[in-house]
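Worksheet: the structure to be examined is printed underneath.
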There are 2 protein chains.
Amino acid sequence: MKRFEKSSITIKDIAKKAGVAHSTVSLVMNDREHVSPKLREKILKIANEMGYMPNMVARSLISKKSSTVGVVFPENPHFFTITYFLMIIEGIQNACKKYNRALMFFSLDQTKGESYYQISRKWLIDLMIIMNVDYTRDISKDIQDLRDNGIYFSFLTKYLGKEKVNSVCVDNYEGVRMVLEHLASQGHKRVGYIAGNPNSADGPERTQAYKALYKKMGLDQDEELIVQGDFTFESGEREAPKLLDLKKPPTAIFAASDYMAIGAMRVIKERGLSIPGDIAVMGFDNTLEAAYVEPALTTIRQPLQEMGEKAVDLAIRSMNDESFEPQSLAIKPELIKRQSC
Amino acid sequence: MKRFEKSSITIKDIAKKAGVAHSTVSLVMNDREHVSPKLREKILKIANEMGYMPNMVARSLISKKSSTVGVVFPENPHFFTITYFLMIIEGIQNACKKYNRALMFFSLDQTKGESYYQISRKWLIDLMIIMNVDYTRDISKDIQDLRDNGIYFSFLTKYLGKEKVNSVCVDNYEGVRMVLEHLASQGHKRVGYIAGNPNSADGPERTQAYKALYKKMGLDQDEELIVQGDFTFESGEREAPKLLDLKKPPTAIFAASDYMAIGAMRVIKERGLSIPGDIAVMGFDNTLEAAYVEPALTTIRQPLQEMGEKAVDLAIRSMNDESFEPQSLAIKPELIKRQSC
DNA sequence: AAGAGACCATGAAACGTTTCGAAAAGTCCA
DNA sequence: TGGACTTTTCGAAACGTTTCATGGTCTCTT
C-alpha cells in the first residue's frame, strides 16, 4: 500500500480548474469581499465538487494561530478519572463546538522545565485554558510570556497571583453560606467541619468562609469542630472519627468535598449511627457519586459545565476585543437537597 | 499591547548564530546522522541557550503528519459525562504521553456529511482512534479513504464491518460467563436479565452470550426472564418491575449495564425487598457509581484504561510495521465482587 | 471621450520546517 | 600527490495556505 498516493485537493487544484489565481480561491474560502458574486459562486461550486477541505495546518502556519483550544493540566496520570475535571471539560468541549475550534489536551510537566508558553509556541495554540496550577512555582513569568505573544487564556481555578487575568471559579463563600444556612434552618447548632487540601486554592477559601460564617449563623464556635482533610475519600474516613469521638459530638458534619463526605458517611454507618437521624452530612461539589450513595448526599453543585464554557468565552472575548478587561468570575453554586440531612 | 512582537526562535536564528545552514540545524534537531559530533554539540548548545522549541505546525505541514492522536466520537453533547468513555480516554492520554504525541478531540457530525477521513485531512491527523460508530451509515468508504491515505486507526468498539481493522473491545461472552457462573455458584436458578441497547454493538452480544450460556449453567430457560432495556438508569427502573411481578420471580437479576442495575436496585429497595437477601443483583461495566451504591454492586470490570492504551498501541504498530495485520482485541474483563449478591 | 474612482483579480512573498541533490571537505591508499 | 571514496555541509525547493501591493477592467461623470 503506497501512502499518500491520492494527495488531497488544495486551493491550487481548484484554482487551476476554475482558471483563476489560487489567491482568489483563498479569498472565496475565507468569505472575504472583493470577489464578484459570479466568480465566487463558480469557485464554491468547484470546491464542493472536488471535495475541498482546508488544510488547517498550513493555515495555522501562516496565521500563527491554530484554531484550537489548548487545555493544559498538570502532569498527573490520573487526571482524567477525577470527575470534577471531566465535567468542566464537557463544558469546554461545548464551547469549542460553538467557536468551531478543535480541542487539544496537554499535560504539563513543570519538573522538566516545560512552561505554558512553550506549549503554546510549539503547537501554535493561541487560546489556552489553564486547569490547575502548581502554585509552588512562580507562574508570573509564564503569564507575561503568554501576554507578550498574544496568546489568550483563562484560568479554570482561582488565580492567586497579582496579575489581572481571566479566571473562572466557584463562589466558595456563597456555597459555604448555603450549607450553613441549610443546616441552621434544620436546627443544627454544632456542625463539624472537615477542611479540604490546604495547598489548593479552594480548601483554605472554604475554611475561611466557614469561620467567617458560623458565628453569623449562630452555630457553636469550637476549634475542636474543625479537622483537616485533603479532599480525598480516605481523609474523610480518617478525620470523621475525630469528630464523632468528641465529648460533645456534632449533630451535623460538613465536609469540604463530596469524597470526604462519603468517607465520613461510611464511618458513621459502620458505627451503626443513622444518617440523617443521628447525624446529618453535607458535602460540596456534587460529584456523580453523591447521587448514588445511601442516603443520597445533600451537597453544593458547582456548575462545572458552565464554568468550562465560561472560561473559553472569556478568552475569546479577550481575543476579539483588545480593550476587554480580564475578568475573574465567581460562579454561584446551587444547593442540591437530598436525603443526608 | 502589540502582538507577536517577540517572534519566536526559529531554526534559522540558530543557524545564523552558529554560522551554518539552517538545514544543518534541522538535521541536528531531528537527531539524524551525517553531522559531525563537534558541530552537533555546538548547535545543540546554542539551541538550548536560545530556548528553541520546534514549531510542530511547520513540521506537520511538510511531513503531512501531525504528531497527534485524534480521538473522534459521534456528535453528542453529553459525551463527556459518560464515565465509560472517560476512563478509556485516560488510557489514551497515557499512551499519548508514551509516544510523545498531543491529544486532539473531534466530534463528528455525520449528518453534516463529515467523514473520518475529512477530519484527518483537515488537521493532518495521521493516527486516529474511532470511539463509537453510527452503524446506520456505511462506513466502509471512510475506512478505505483512511487506508488509501496512510492514516492509521483503531476502533475502540466492536467493528461490525467486513474489513479487517484494528479494534479493541471487551470480551462480552467471557464477562457474561463470569456473571452467570458466579450466580450459579451461589445457588441461583432463576436469573432475570435486563438487556442493553439493541442498536449498539455490545447489547446484542451480551444478550446472545446470556442465551448461549444459561442452559450450560443449569439455569432456568424462560423467555419471561428477559426484558429489554437500553443501558440507561431509567430503563432499569422501568423494566425491573416486570421481572419482580412475574408469577415466579427470579432470585437474581443480571443487568447488562451498571446503570440499569442501579435503576433496578432502586425499585427493589422501594418495594422493601433486601439485596442480596431477597434478590441478588449484578451489573456490567464497573462504572464509578457501582462502588458507591448501597449495597455496593457486584459487577464486571472492563479494563477501560487498558483498552484505550491498547487501541493507540495497535495503531502505532500498524504505522511502524507495514506488514502488521490489523488485530481485533477482545480484552478479558474481571469480576468485581461486592455486596449485591 | 477622457479622467477618476470603484471594484476585481493577480502574482509574489511569506510562514518554519524537511528533504534531497550537489558541493565541499576529509580520509585513505597507491 | 592525486584520484577515489566517504563524510559533512549547503542551498534550493517544497508543503498549502494568507496577505498585500500592483495592475487591469469596469462605470460614471464632466
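Letters A, B, ... mirror the listed sequences (proteins, then strands); counts begin at 1.
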ask   = Of the candidate nucleotides dC15(D), dT9(D), dT17(C), which contains the atom at the shortest distance from the side chain of Leu39(B)?
value = dT9(D)
Lys/Arg-Asp/Glu bridge criterion (N-O < 4.0 Å) met for Asp145(A), Arg121(A) = no
inquiry  = Applying a 4.0 Å non-hydrogen cut-off, can you work out what Val57(A) is touching in the nucleic acid: base, sugar-phosphate, or nothing?
reply    = nothing
task = Return yes if the base of dT18(C) and the side-chain atoms of His22(B) contain a donor-acceptor N/O pair under 3.5 Å, otherwise no.
result = yes
ask   = Considering only dA9(C), dG16(C), dT17(D), which nucleotide approaches the side chain of Ile62(B) most closely?
value = dG16(C)
ask   = Which whole-number value in Å describes the distance from Asn30(A) CG to dG16(D) P?
value = 17 Å
message = Need one value for Ser26(A): base, sugar-phosphate or nothing, where a base atom within 4.0 Å counts as base even if backbone is also close, heavy atoms only.
response = base
query = Within this structure, what is the CG-to-P distance between Leu124(A) and dC15(D), rounded to whole angstrom?
reply = 20 Å
key: Short side-chain N/O contact to dC10(D) OP1/OP2 from Thr24(B), under 4.0 Å   = yes
ask   = Taking the side chain of Ala21(B) as heavy atoms from C-beta outward, which of dT19(D), dC10(D), dT17(D) is closest to it?
value = dC10(D)
ask   = Are any non-hydrogen side-chain atoms of Phe106(A) and Trp123(A) less than 4.5 angstrom apart?
value = yes
request  = Would you indicate what Ser23(A) reaches in the nucleic acid, counting non-hydrogen atoms under 4.0 angstrom: base, sugar-phosphate, or nothing?
outcome  = base
ask   = Which of these nucleotides, dT17(C), dT17(D), dT9(D), is closest to any side-chain atom of Ile11(B)?
value = dT17(C)
inquiry  = What's the closest nucleotide to the side chain of Val20(A) if the choices are dT19(C), dT10(C), dC10(D)?
reply    = dT10(C)
query = Should the heavy atoms of other residues, nucleotides or ligands under 6.0 Å from CD of Glu49(B) be counted, would the total exceed 12?
reply = yes
query = Going by heavy atoms in the side chains, are Met128(A) and Ile130(A) under 4.5 Å from each other?
reply = yes
ask   = Looking for any heavy atom pair under 4.0 Å, which part of the strands does Arg40(A) touch: base, sugar-phosphate only, or nothing?
value = nothing
query = Do Val168(A) and Leu314(A) come within less than 4.5 Å of each other through their side chains, counting heavy atoms only?
reply = yes
ask   = So which one's nearest nucleotide on DNA chain D is more toward 5', Ser36(B) or Pro54(A)?
value = Ser36(B)
inquiry  = Let me spell it out: for each of Arg32(A) and Ala58(A), pick the nucleotide of DNA chain D with the closest heavy atom. Which residue's pick is nearer the 5' end?
reply    = Ala58(A)
